[in-house]
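Inspection log for the structure reproduced underneath, given as structure tokens.
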2 protein chains.
Amino acid sequence: MNQRQFVAGDKSGDGGGRPGKNGDGPKRHEAIYQSISDAIIEHRLKPGARLREDALAEVFGISRTGIRKILQRLALEQLVTLTPRRGASVTRPTADEAKDVFDARLMVECGLMPEIARRITAEDLVALRDMAQRERQALKSGEQSTAIRLSADFHTRLASISGNATLADFVERLCSRSSLILAVYGNAGHLGCESHDHDDLIGYLEAGNGERAEAFMGRHLKAIEASLSIHVEEDEAPDLFEIFSG
Amino acid sequence: MNQRQFVAGDKSGDGGGRPGKNGDGPKRHEAIYQSISDAIIEHRLKPGARLREDALAEVFGISRTGIRKILQRLALEQLVTLTPRRGASVTRPTADEAKDVFDARLMVECGLMPEIARRITAEDLVALRDMAQRERQALKSGEQSTAIRLSADFHTRLASISGNATLADFVERLCSRSSLILAVYGNAGHLGCESHDHDDLIGYLEAGNGERAEAFMGRHLKAIEASLSIHVEEDEAPDLFEIFSG
DNA sequence: ATATCGATCATTGTATACGCTTTTCGGCCC
DNA sequence: GGGCCGAAAAGCGTATACAATGATCGATAT
């Protein structure tokens, strides 16, 4: 699927962006937000990539005002970094941030498991299995972007079963950031979740065994974190003295 | 009802808002954000209060553009609610949201306790004791706003000791929202944390007893939640049939 | 030839202008 | 007298214009 999901035809329909043409504003903005967010999560926009307001405005056929709003939202979710007077760029997570994110996931996603095991329905199980299967398939056929997206969606969907919207939202953000972390510190070929892991987890949940699911999720997340190659590359302000004093 | 806590003298300094006068922009925006955020957390702006962009723009001496940016940030933190075409108002949390927020606090704040007990320093203890004492004093002298603010600050500061910026940030948001919840469901006179609770908690942490601190925090939060009077007032779309069919 | 300084250019920050929607108030009809 | 409809006003959504700042490239001097 090509990623031209933003409808470029819509802007030409009004004869050149007549101002004041209101109406489907909120929906369009949400769609643009999703487009950019997806592109980042799927690594089609890589960490460090600059996001110029003019360019985005032209691409999506709205003015810079709307783009800025979307960029600010993405910045609050820490998917993009807003540098004063320099503009927006895709966030390049530090090693510390990566550790924080995975520690947070460990605490929250594991803590949620018992409640999820209690509340999970047959419908949920069907949806989760479908996602897990599609993820495995994507992984096998080399569609990395799709696999990454499905993996994040799996964890997010799981959290939403808990019924706690606040925590589910938090997990969703953490998964988005994890995707960025994988882009920077992940080894090619071994990206994130082992596919059968998710299937195993579904099994524990179907059996209503929250404690095993919790323990398994813990190992699962620790395995992902362990698979990262966190070379503490201090790109900015290298210690020249130490480098040249040997 | 006019709150003049903002510095109005600063805006008159440039002779009437000359456009393009740049320079201290970011700092000023942050200050305005803090002003509004504080007013909400301290219950000086009550849930449901409308926040008109024009009025705020005039009050703070910047244009609506900047105000909108700040309002959107507050909306993402769920302190204000943005209704399309209707503008912004202070969020009135639902009973469900209140439950979610306290469940989240229970999980995260308790889960953080062992690590906090491990990392807490003498300096932290001094700061925490100071806050707890000031909170008790404010409570005694009837300064509700100050007490609420200090209570939220206490929990936030505590979380930051864990060293996990992501989770600390999450706790900060949860505390802000808790303040809103107290404004809607709290009983007057018995607001939030019992003051000596915080002192007891500090004691456990100083002793390095993370497990007792965790258990105590659990009771503490449950006590706050239990003190709420959550009458499930379904203001919007009341079920008239049920009401009049008896 | 290279380094530094200056000018132009590219890009963001902020304000303002204008259209559209919603609300409210007044008049009219029932 | 009360309710409904219409018009005016108020307030939000979006685009555009302008200014300031940081970056880049070129010229000049050493």
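Both backbone and side-chain heavy atoms feed into the values below; hydrogens, waters and symmetry mates do not. Lettering follows sequence order; numbering is per chain, from 1.
Rounded to whole angstrom, the span from the CZ atom of B:R50 across to the P atom of D:dA10 amounts to 14 Å. Spacing between atom CZ of B:R28 and atom P of C:dA15 amounts to 10 Å, rounded to whole angstrom units. Distance A:K27 NZ to D:dG13 C1': 14 Å, rounded to the nearest Å. Between the C1' atom of D:dA15 and the CD atom of A:E58 lies a distance of 15 Å, rounded to the nearest Å. For the pair A:E53 CD and D:dT14 C1', the computed distance is 15 Å after rounding to whole Å. Spacing between atom CG of B:L56 and atom P of D:dC12 amounts to 9 Å, rounded to whole angstrom units. B:R52 places its CZ atom 21 Å from the P atom of C:dT21, with the value rounded to the nearest Å. B:L82 has its CG atom 16 Å from the P atom of D:dG11, to the nearest Å.
Residues satisfying the side chain to side chain contact (heavy atoms under 4.5 Å, CB included) test with A:S141, not counting sequence neighbours, are A:E143. Among residues two or more places apart in sequence or in another chain, the side chain to side chain contact (heavy atoms under 4.5 Å, CB included) test is passed with B:L221 by B:R105, B:L106, B:E109, B:H155, B:M217, B:I224. Residues forming a salt bridge (Lys or Arg N to Asp or Glu O under 4.0 Å) with A:E225 (at least two apart in sequence, or on another chain): none. Take B:A75 and apply the side chain to side chain contact (heavy atoms under 4.5 Å, CB included) test, not counting sequence neighbours, and it matches B:V80, B:L82. Evaluation of the salt bridge (Lys or Arg N to Asp or Glu O under 4.0 Å) rule for A:D130 yields A:R134 as partners, not counting sequence neighbours. Remark: B:D38 pairs with B:R149 by the salt bridge (Lys or Arg N to Asp or Glu O under 4.0 Å) rule, at least two apart or across chains. Listed by chain and residue number, B:T65 satisfy the side chain to side chain contact (heavy atoms under 4.5 Å, CB included) test with B:S63 (two or more places apart in sequence, or in another chain). For the salt bridge (Lys or Arg N to Asp or Glu O under 4.0 Å) test, residues two or more places apart in sequence or in another chain that qualify with B:R73 are B:E30, B:E77.
Listed by residue number, B:T65, B:K69 are the residues of residues 64-76 of chain B with a heavy-atom contact under 4.0 Å to DNA chain C.
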Could you list all N or O pairs between the protein and nucleotides 6-9 of chain D that sit under 3.5 Å apart?
none

Distances for protein N or O near nucleotides 22-25 of chain D N or O, under 3.5 Å:
residue	atom	partner	partner atom	Å
D:dA23	OP1	A:R86	NH1	3.3

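The backbone N or O of A:L167 sits nowhere less than 3.5 Å from a side-chain atom of B:D100 that would complete a donor-acceptor pair.
Nearest nucleotide to the A:H29 side chain, out of C:dT14, D:dA15, D:dT14: D:dT14.
Evaluation of the side-chain hydrogen bond (donor to acceptor under 3.5 Å, both in side chains) test over residues 158-174 of chain A, restricted to residues two or more places apart or in two chains, returns A:T166-B:R177.
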> Hey, mind stepping through B:D124 and B:T121 against side-chain hydrogen bond (donor to acceptor under 3.5 Å, both in side chains) and telling me if it holds?
Replying inline: CA-CA 5 Å; B:D124 292 326; B:T121 67; 3.1 Å; yes
